[in-house]
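One structure is given here, and the rest of the page talks about it.
Along the sequence shown, the residues carry numbers beginning at 1.
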Amino acid sequence: YLLVFVLSCFGWLFRKSGLLTASLILMIMAFIPHTFAIIARVFLSGYPPVTNLYSSAIFIGWASVLASIVLELGFRKKAAGIGNLVGGISGFATLLIAHFLAGDGDTMEQMRAVLDTRFWLATHVITITLGYMATFVAGTIGVFYILSGLFTRRLDRDTEEGMFRMMYGTICFALLLSFVGTVLGGLWADDSWGRFWGWDPKENGALLIVIWNAIILHAKWGRMVQQRGFAIMAVFGNVVTAWSWFGVNQLSVGLHSYGFTDSASFTLLVFAVSQILICFAGFTPPHRWKSGATQ
């Protein structure tokens, strides 16, 4: 996946379609064993693919690469290479995260009693995790939008329009998936603890993703932001999603804390600061963008 990202960078910056095609083929080749690995975990554990933080990283990476392949094939004319860039960096970053989450090497530990339900793991957990993925994919596209606009001449009008359409469609899916996943989580909570909502940190984190994605879409529909503003808001969605995925676990409180506590506070802080700095960079006046972006 890292090689996919590097090849895509060169192919996209220098408009080399051969490199972009090679990186797409390589990404698909990497995606195949990634898929078989998830299938093997499901077969060995007897549970759906997401049961803990480690498996969530593996699954989010897999889903991000799948979404990136679809985006690359769907936007070959207006934004060729963006799907490759997103898939390469997403696949590499999530598998690196999974490597550090592996701990002592046992990534298929015994399930907690309240989590030992295949139905809710296959519905709520998978749906909410796909919501994370879609928000991250949109935010990653936003990062490339801002950085390419500021530091390269590659963000022409066609590319800008293509990247915006990618972000917009992905945010729509992110809102749908995160909303449905949150509702399913409430149903599971009602089934397990006799209450639909308890303002648990993990529940609040999931709600934040729904609210932020809704704010992004309403800001666009209300014409409060255009392409550049939409990209900046999408990038901040990375911070919101990272907080819901990892941040609330650092609190070590609430009914969702068991099995999900992980000491990643410093890394999470560095990631959040980097995304906020990119957001601020997006506010640079358009005439100072190397691409000369006008919106």
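- Minimum interatomic distance between Ala189 and Glu203 (heavy atoms only, all atoms of both residues): CB-OE2, 4.3 Å.
- Remark: Ser178 OG to Ile209 CD1 distance equals 6.5 Å, nearest 0.5 Å.
- Val248 has its side chain out of reach of Asp200: every pair of non-hydrogen atoms, C-beta onward, lies at least 4.5 Å apart.
- Because its NZ or CZ atom is not both nearer than 6.0 Å to the ring centre of Phe75 and within 45° of the ring axis, Arg165 does not count as a cation-pi partner of that residue.
- Under the 3.5 Å distance criterion, the side-chain polar atoms of His218 are matched with a main-chain donor or acceptor of Ala214.
- Put simply, OG1 on Thr140 and CE on Met167 are 11.5 Å apart, with the number rounded to the nearest 0.5 Å.
- Put simply, the side chain of Val125 reaches to within 4.5 Å of the side chain of Trp188, judged on heavy atoms.
- Taking the side chain as every heavy atom from C-beta outward, Val86 and Leu71 never approach each other to under 4.5 Å.
- Once rounded to the nearest 0.5 Å, the distance linking CD1 of Ile146 with CZ of Phe283 reads 8.5 Å.
- Partners of Thr135 by side chain to side chain donor-acceptor pair (under 3.5 Å), not counting sequence neighbours, listed by chain and number: Asn213.
- The nearest pair of heavy atoms linking Val239 to Ile276 is CG2-CG1, 4.3 Å.
- Looking at residues two or more places apart in sequence or on another chain, you find no side chain to side chain donor-acceptor pair (under 3.5 Å) involving Trp212.
- With Ser291 contributing its side chain and Leu155 its backbone, the two residues share a donor-acceptor pair below 3.5 Å.
- Looking at Gln275 and Val143, their side chains come closer than 4.5 Å, going by heavy atoms from C-beta outward.
- Closest approach of Val65 to Gly91, counting heavy atoms only: CG2-CA, 3.9 Å.
- Counting only distance, with no hydrogens or angles, the side chain of Arg41 and the backbone of Pro49 share no donor-acceptor pair below 3.5 Å.
- Between Leu184 atom CG and Asp191 atom CG the span is 12.0 Å, to the nearest 0.5 Å.
- In this structure, Arg154 contributes its side chain and Trp12 its backbone to a donor-acceptor pair below 3.5 Å.
- Note that CD1 of Ile215 and CG of Leu175 are 11.0 Å apart. Values are rounded to the nearest 0.5 Å.
- By the 4.5 Å heavy-atom criterion applied to side chains, Thr267 and Phe246 are not counted as neighbours.
- Under the salt bridge (charged side-chain N to carboxylate O under 4.0 Å, His left out) criterion, no residue pair touches residues 82-99, with sequence neighbours excluded.
- The salt bridge (charged side-chain N to carboxylate O under 4.0 Å, His left out) analysis of residues 58-74, with sequence neighbours excluded, yields the pairs Glu72-Arg76.
- Side chain of Lys202 to main chain of Ser244: a donor-acceptor pair is present (N/O by atom type, distance under 3.5 Å, no hydrogens or angles).
- In summary, the aromatic rings of Phe164 and Phe230 are positioned with their centroids under 6.0 Å apart.
- Annotation for Tyr168 and Leu217: closest pair CE1-CD2, 3.9 Å, computed over non-hydrogen atoms.
- When all heavy atoms are compared, the tightest approach of Asn84 to Leu20 is ND2-O, 3.0 Å.
- Relative orientation of the Trp199 and Trp197 rings is perpendicular, given thresholds of 30° and 60° on the angle between their planes.
- Note: Phe271 and Phe136 have perpendicular aromatic rings, judged against thresholds of 30 and 60 degrees for the angle between ring planes.
- Note on residues 1-22: pairs passing salt bridge (charged side-chain N to carboxylate O under 4.0 Å, His left out), not counting sequence neighbours, are Arg15-Asp156.
- Checked against side chain to side chain donor-acceptor pair (under 3.5 Å), Thr35 has the following partners two or more places apart in sequence or in another chain: Trp62.
- Considering only heavy atoms from C-beta on, Ile128 comes within 4.5 Å of Thr182 through its side chain.
- Leu121 places none of its side-chain heavy atoms less than 4.5 Å from the side chain of Val50.
- Closest of all the heavy-atom pairs between Gly61 and His34 is C-CE1, 3.8 Å.
- Under the 3.5 Å distance criterion, with hydrogens and angles disregarded, a donor-acceptor pair is assigned to the side chains of Ser55 and Asn52.
- Ring geometry for Tyr132 against Trp245 counts as tilted: the plane angle lies between 30° and 60°, on a 0 to 90° scale.
- Between atom CD1 of residue Ile89 and atom OG1 of residue Thr94 there is a gap of 9.5 Å, rounded to the nearest 0.5 Å.
- Side-chain atoms of Ser64 and Ser90 form no donor-acceptor pair, as typed in the model, at a separation below 3.5 Å.
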